[in-house]
Amino acid sequence: MVCQKVLVDEVSGWLRVFADGSVDRTWTGPPQVQFLTEPVAPHDEFIDGVATRDVCVNENLRLRIYLPETNPEDSLKLPVILHLHGGGFCISQADWYMYYQMYTKLAQSAKAICISVYLRLAPEHRLPAPIIDGFSALLWLRSVAQGESYEQWLVSHADFNRVFLIGDSSGGNLVHEVAARAGKVDLSPLRLAGGIPIHPGFVRSVRSRSELEQPESPMLTLDMVDKFLSLALPLGSTKDHRITCPMGSGAPSLDTLKLPPFLLCIAEMDMIVDTEMEYYDSMKRAKKDVELLISPGMSHSFYLNKIAVDMDPQTAEQTEALISGIKTFINNH
């Protein structure tokens with residue numbers, strides 16, 4: 001007798017949760033976009049100016065490192081960008097092609113070492129698991145800077161005085177929370193020089209006007225927002241939780257937080273642009289150092305959609321503008 005698994009929840013194309021607690025993340029959407037979710041093997045040799053390697057720190061912490069090629073005679077150390085990936089806390093991996101194609105570009109363009117964290121995923125690992133992973137990665141970088149841990153590429157090339165957090169979508173939420181935690185500890189000799197949340201998943205329990213009026217996109221739908229967060233937030237929590245609504249009454253007051261300079265990147269047509277702007281306005285009222293980079297005419301996580309980047313000149317142009325803006329922010333800090 002064959003036992004049929006009972007499906008209890010599904011996010012179309014991305015995720016299926018079964019009654020026995022198992023989760024299937026096999027892509028079941030249009031096959032022509034499946035390549036975006038496929039892993040890219042690490043390569044120690046430089047390809048298009050970037051080499052990659054995976055590092056296993058412990059059973060819960062694994063990292064992918066992107067090292068840009070530099071001139072042998074150039075002795076300058078490189079800034080470090082610690083990347084916290086998106087996916088509603090429920091899907092995606094640091095080695096997915098959509099991230100590989102973006103962060104190889106950023107590493108090469110900004111001449112920075114990018115380190116992407118393999119975050120634990122919900123519902124198997126609800127929040128705060130990915131926050132712990134991101135903060136643990138930052139503490140591991142501190143241990144390398146102190147000489148207590150060793151990673152050849154970082155010891156040889158990293159400028160630990162210029163470490164930046166970057167995260168897309170739900171990873172943008174993690175940038176805020178990890179930076180807030182970092183403000184309570186001594187990271188020396190490492191310095192957290194900045195945070196770059198890109199299209200962060202800031203929402204409220206009550207839908208914003210943009211959620212109701214902006215068109216859904218391949219990277220974000222209302223169903224994805226609702227279901228991913230129901231699977232990821234601590235049991236009994238609502239979208240007013242501090243991680244999804246850091247500007248709300250359920251979160252610590254922003255003016256009490258010690259935060260580095262921030263570059264908040266938003267897309268004009270993002271379905272959650274209103275709550276992202278609420279966050280920006282709240283940060284300004286709290287007298288935090290925050291810059292705003294707006295991508296006109298673009299939707300959520302547009303730069304990760306390689307098909308659109310290749311086929312649509314405006315998407316390609318705005319992707320280059322986003323990378324240029326991030327590079328400028330890093331150079332200025």
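- Using a distance-only test at 3.5 Å, with no hydrogens or angles considered, a donor-acceptor pair links the side chain of Arg16 to the main chain of Thr26.
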For His85 and Ser92, run side-chain contact (heavy atoms from CB on, under 4.5 Å): C-alpha distance rounded to whole Å, both residues' side-chain angles, the deciding distance at 0.1 Å, then the answer. CA-CA 7 Å; His85 67 71; Ser92 81; 3.0 Å; yes

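- Inter-residue side-chain proximity for Asn305 and Met311 is flagged as unmet; no heavy-atom pair is nearer than 4.5 Å.
- Between Tyr279 and Phe262 the shortest side-chain heavy-atom distance falls below 4.5 Å.
- The shortest non-hydrogen separation linking Leu187 to Ala182 is CD1-CB, 3.9 Å.
- Looking at Lys5 and Ser22, their side chains do bring a donor and an acceptor atom within 3.5 Å of each other.
- The hydrophobic cluster containing Leu7, built from Ile/Leu/Val/Met/Phe/Trp/Tyr side-chain heavy atoms closer than 4.5 Å, also comprises Phe18.
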Between Tyr118 and Asp133, is a side chain to side chain donor-acceptor pair (under 3.5 Å) present by the stated rule, with each step listed? CA-CA 8 Å; Tyr118 287 86; Asp133 295 343; over 6 Å; no

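- Residues Ser156 and Gln152 are in side-chain contact: their nearest non-hydrogen atoms beyond the backbone lie under 4.5 Å apart.
- Side-chain N or O atoms of Asn173 include none that pairs as donor or acceptor with a backbone N or O of Pro200 at under 3.5 Å.
- Minimum interatomic distance between Arg64 and Ala41 (heavy atoms only, all atoms of both residues): NH2-C, 3.9 Å.
- Formation of a donor-acceptor pair under 3.5 Å by the Ser170 side chain with backbone atoms of Gly88 is found in this model.
- With respect to Asp310 and Lys306, a salt bridge is recorded, a charged nitrogen being found less than 4.0 Å from a carboxylate O.
- A salt bridge between Arg204 and Glu278 is present, with a side-chain N of the basic residue lying under 4.0 Å from a carboxylate O of the acidic one.
- No continuous path of hydrophobic side-chain contacts links Ile198 to Leu192 [ILVMFWY only; heavy atoms under 4.5 Å].
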Show, in sequence, the C-alpha distance, side-chain angles and deciding distance for Leu259 and Met283, and conclude whether the side-chain contact (heavy atoms from CB on, under 4.5 Å) test is met. CA-CA 10 Å; Leu259 297 172; Met283 288 278 279; 3.9 Å; yes

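- With contacts defined as side-chain heavy-atom distances shorter than 4.5 Å, the pair Glu69/Gln108 does not qualify.
- By the side chain to side chain contact (heavy atoms under 4.5 Å, CB included) test, Asp44 pairs with Arg53, Trp153, sequence neighbours left out.
- A side-chain donor from one of Ser205 and Asp240 sits under 3.5 Å from a side-chain acceptor of the other.
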Let's go through Leu67 and His157 carefully: what are the C-alpha distance in whole Å and the side-chain angles of both, what is the deciding distance for side-chain contact (heavy atoms from CB on, under 4.5 Å) to 0.1 Å, and is it a yes or a no? CA-CA 9 Å; Leu67 178 69; His157 301 287; 3.9 Å; yes

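- Distance alone, capped at 3.5 Å, is enough to place a donor-acceptor pair between the His333 side chain and the Phe329 backbone.
- The distance from the OG atom of Ser169 to the CZ atom of Phe89 is 8.0 Å, given to the nearest 0.5 Å.
- For the pair Asp95/Val40, no side-chain contact is recorded, criterion being any heavy-atom separation below 4.5 Å from C-beta on.
- Leu141 is connected to Leu119 through a chain of hydrophobic side-chain contacts under 4.5 Å among Ile, Leu, Val, Met, Phe, Trp and Tyr, so both are in one cluster.
- The two residues Thr52 and Pro42 come nearest to each other via the heavy atoms OG1-CA, 3.2 Å.
- The main-chain N or O of Gly171 is never found under 3.5 Å from a side-chain atom of Asp168 such that the two would form a donor-acceptor pair.
- Residues Val290 and Leu257 share a hydrophobic cluster, clusters being chains of Ile/Leu/Val/Met/Phe/Trp/Tyr side chains in contact below 4.5 Å.
- Closest of all the heavy-atom pairs between Leu304 and Tyr99 is CD1-CE2, 3.7 Å.
- Listed for the Ser237 side chain is no donor-acceptor partner under 3.5 Å among the backbone atoms of Leu233.
- Of all the heavy atoms in Arg162 and Ile330, the pair that sits closest is NH2-O, 2.7 Å.
- Side-chain N/O atoms of Ser217 and His300 include no donor and acceptor closer than 3.5 Å.
- Rounding to the nearest 0.5 angstrom, the gap separating the OH atom in Tyr280 from the CD atom in Glu291 is 8.5 Å.
- Linking ILVMFWY side-chain heavy atoms closer than 4.5 Å, directly or via other members, places Phe135 and Leu63 in a single hydrophobic cluster.
- In Asp20, the CG atom is crowded: over 12 heavy atoms of neighbouring residues, nucleotides or ligands sit closer than 6.0 Å.
- Counting heavy atoms from C-beta outward, Ile81 and Ile115 have side chains that stay 4.5 Å or more apart.
- Of the charged side-chain nitrogens involved, none lies within less than 4.0 Å of a carboxylate oxygen, so that Arg142 and Asp186 do not count as a salt-bridged pair.
- Using modelled atom types, no side-chain atom of Ser295 and backbone atom of Gln318 make a donor-acceptor pair closer than 3.5 Å.
- Between Glu177 and Lys184, none of the side-chain N atoms (NZ, or NE/NH1/NH2) sits under 4.0 Å from a carboxylate O, so this pair counts as no salt bridge.
- Ring geometry for His199 versus Tyr303: interplanar angle over 60°, hence perpendicular rather than tilted (30 to 60°).
- With Lys227 as the partner, the side-chain contact (heavy atoms from CB on, under 4.5 Å) test is satisfied by one option alone out of Asp9, Val17, Leu222: Asp9.
- Counting only distance, with no hydrogens or angles, the side chain of Lys258 and the backbone of Ala179 share no donor-acceptor pair below 3.5 Å.
- In this structure, the separation between CG on Asp48 and CD on Gln101 is 12.0 Å, given to the nearest 0.5 Å.
- Using the six-membered ring where Trp is involved, Trp14 and Trp27 have ring planes that are perpendicular, over 60° apart on the 30 and 60° scheme.
- Ring planes of Tyr66 and Tyr100: tilted class, angle from 30 to 60°.
- Between the side chain of Arg126 and the backbone N or O of Leu231 there is at least one donor-acceptor pair closer than 3.5 Å.
- Within the 4.5 Å cutoff, the side chain of Cys114 has no heavy atoms near those of the His83 side chain.
- Considering only heavy atoms from C-beta on, Glu268 stays 4.5 Å or farther from Val273 through its side chain.
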Take Leu263 and Cys265, measure what side-chain contact (heavy atoms from CB on, under 4.5 Å) needs, and give me the verdict at the end. CA-CA 6 Å; Leu263 174 67; Cys265 305; 4.0 Å; yes

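- Enclosure of atom CD in Glu59 is not indicated, since only 12 or fewer non-hydrogen atoms of other residues, nucleotides or ligands lie within 6.0 angstrom.
- Between the side chain of Thr37 and the main chain of Gln34, a donor-acceptor pair closer than 3.5 Å is present.
- Side-chain atoms of Asp223 and Thr221 include no donor-acceptor pair closer than 3.5 Å.
- Cluster membership check: Ile196 does not share its hydrophobic cluster with Leu292, using side-chain heavy-atom separations under 4.5 Å among Ile, Leu, Val, Met, Phe, Trp and Tyr.
- Nearest heavy-atom pair, Thr275 versus Ser208, reported as atom, atom and distance to 0.1 Å: CG2-CB, 4.2 Å.
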